[in-house]
There are 2 protein chains.
Amino acid sequence: MRNATPSFSTKERILGVAETLFARHGFAGASLRQVTAAAKVNLAAVNYHFGSKESLIEEVFRRRLDELNRHRLAALAAVQACADHTLEDVLDAFIRPALEQSMDSAGGAAFVRVLARAYAEHDERLRKFLSDNYGHVLRDFAAAFARLLPQLDKEELYWRLDIVAGALTYAMADFGMIKRKSDVSERSHREQAAQHLVRFAAAGLRA
Amino acid sequence: MRNATPSFSTKERILGVAETLFARHGFAGASLRQVTAAAKVNLAAVNYHFGSKESLIEEVFRRRLDELNRHRLAALAAVQACADHTLEDVLDAFIRPALEQSMDSAGGAAFVRVLARAYAEHDERLRKFLSDNYGHVLRDFAAAFARLLPQLDKEELYWRLDIVAGALTYAMADFGMIKRKSDVSERSHREQAAQHLVRFAAAGLRA
DNA sequence: CTAGCATTCAAACGATCGTTTGACCCCGTT
DNA sequence: AACGGGGTCAAACGATCGTTTGAATGCTAG
């Protein structure tokens, strides 16, 4: 059965390393040989535990997205429990879980980059997988935004949410030109990014 | 010398097809064999005309970035010639050239996606290349924004411009969930995207 | 102790990768 | 007519890709 000391089992080590290398070199650019070498496991272990590279990619997403979705929906519910919640509250419920997950575990920061790559890959297979496991969360948030922005018609709202999602994805993945100064921790760098993002997006949505 | 009827020379056909396939499958995901097959040229033609795959990638960027940079700087100069130009004018000078280039030629739409991929690829070599050929344009625009937003300190401004760049990149590359309806042309779809983007970004920058 | 199962391992599979080679073709110049 | 060079071509190079195989290993239940 399970290893007696599964502090980091073969499967988990593969997932962690794959997450990092997919973030750095892309799905096509990172080979299974690179992954298994870095994880110090046998090459065949990937196909044994996951079946194929494609399935490994999906597992990398599933592992974190399930948790992220739960946190986002919980944060949204907490915000909506308060009758006079603001636009900033809902934005924060969407952004903060991604922010925190990007900092908790070792590979968290890598995952937001993997997520951003998934958008760049126009691969239909991957997009359908993400839509299936992610779509209902976006719909719930869209409904919450719609209630707070009744002056916007549906199409206008969708356009703006699309822009917000893009800015968020981009900012969280550190794609931009802003280099983190060496004297601020990665934690406070991301904290600042989230705050700026919430303010910016709130103003844009209300425009 | 040159072909007598170089309507589309071998070199140009490779560049065009490479742009499309790099946008669709990424730099690592699109092989030279796919490119040369689609362009109906011999496999060896890439290494003959460009030297390597890496150099082909750079040429794909250079061909369009030179033009895009010229148009953006010209638009910025035209805007700044008017003494009472607005934030929206500067944003438009940045966004519209990208919008128009994405519609003029056959491969224009593909290029903005290639550009977005370049951000996802954290490849240091590619980022340096882009920074060398692109950095001064961003600096000029940043200065123009700074004059229009004197209440923002330098750091705050950079954060917001970073967010704007992300939203723009993402929106122009059609990464988002908004599907273009079949009854609106790609042209008017992008036109709408640009308008929404300018309004949203202006509000966010002024917040 | 041993039978049985889950896991790991080295090795090899065929396919495909980027690149190189050398013959060949075309065409303007001597 | 002979030449020369830019361009194209099929073929092959070694490397690396994802995947498969079959034997070795370690652990657990009987």
Side-chain angles (χ1 to χ4, degrees), chain A residues 1-61 114 117-118 121 123-126 129, chain B residues 1-61 114 117-118 121 123-126 129:
Chain A
M1 289 286 178
R2 307 292 297 283
N3 192 324
T5 55
S7 61
F8 286 104
S9 69
T10 296
K11 210 168 172 179
E12 289 169 24
R13 246 181 306 141
I14 292 174
L15 281 171
V17 170
E19 186 173 61
T20 301
L21 293 185
F22 285 155
R24 189 153 3 179
H25 303 112
F27 303 115
S31 74
L32 294 187
R33 282 174 173 81
Q34 289 178 283
V35 170
T36 53
K40 296 196 207 307
V41 303
N42 190 271
L43 169 61
V46 169
N47 287 281
Y48 176 78
H49 285 286
F50 300 96
S52 68
K53 183 180 185 178
E54 182 93 6
S55 299
L56 169 62
I57 294 173
E58 291 191 359
E59 267 307 303
V60 167
F61 279 103
V114 171
R117 271 200 190 265
E121 310 275 338
D123 181 278
E124 208 50 51
R125 181 130 161 49
L126 189 56
F129 170 82
Chain B
M1 291 290 177
R2 307 292 295 284
N3 191 323
T5 57
S7 64
F8 287 103
S9 69
T10 296
K11 209 169 171 178
E12 289 168 21
R13 247 181 303 141
I14 291 174
L15 281 171
V17 169
E19 186 173 62
T20 302
L21 293 185
F22 285 154
R24 190 155 357 176
H25 302 113
F27 303 115
S31 73
L32 294 186
R33 281 174 173 81
Q34 288 178 283
V35 170
T36 53
K40 294 196 209 306
V41 303
N42 188 271
L43 169 61
V46 169
N47 287 282
Y48 176 79
H49 287 286
F50 301 95
S52 68
K53 183 179 185 178
E54 182 92 7
S55 300
L56 169 61
I57 294 173
E58 292 192 359
E59 266 307 303
V60 168
F61 279 102
V114 171
R117 270 199 190 266
E121 310 274 340
D123 182 278
E124 207 50 51
R125 183 129 160 48
L126 189 56
F129 171 82

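Proteins get letters first, then strands, A, B, ... in listed order; numbering begins at 1 in each.
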B:Thr10 side-chain N/O to D:dG7 phosphate OP1/OP2 under 4.0 Å: no

Crowding at CZ, A:Arg13 (>12 non-hydrogen neighbours, <6.0 Å): yes

Nucleotide D:dG26, atom P - distance to CG of A:Asn42 in whole Å: 15 Å

Rounded interatomic separation in angstrom, taking CG from A:Leu43 and C1' from D:dC17: 10 Å

For atom CD of B:Gln34 and atom P of D:dC17, their distance in whole Å: 17 Å

Interatomic distance, A:Leu43 atom CG to A:Tyr48 atom OH [nearest 0.5 angstrom]: 15.5 Å

Gap between atoms CZ and P, on B:Phe27 and C:dC17 respectively (whole Å): 17 Å

Integer-rounded Å distance: C:dT21 C1' and B:Asn47 CG: 12 Å

Euclidean distance, atom NE2 of residue B:His25 to atom C1' of C:dT16 [Å, nearest integer]: 15 Å

Residue-phosphate contact under 4.0 Å: A:His49 side-chain N/O, C:dA6 OP1/OP2: no

5' precedence on DNA chain D between A:Ser31 and A:Tyr48 (nearest-nucleotide basis): A:Ser31

Sugar-phosphate only, base, or nothing, as touched by A:Ala44 at under 4.0 Å among non-hydrogen atoms: base

Integer-rounded Å distance: C:dT19 P and B:Arg33 CZ: 11 Å

Rounded distance (Å) that lies between atom P of D:dT20 and atom CG of A:Leu32: 12 Å

Heavy-atom side-chain contact between A:Leu32 and A:Leu56 under 4.5 Å: yes

Between OG1 on residue A:Thr10 and CG on residue A:Asn42, distance to nearest 0.5 Å: 9.5 Å

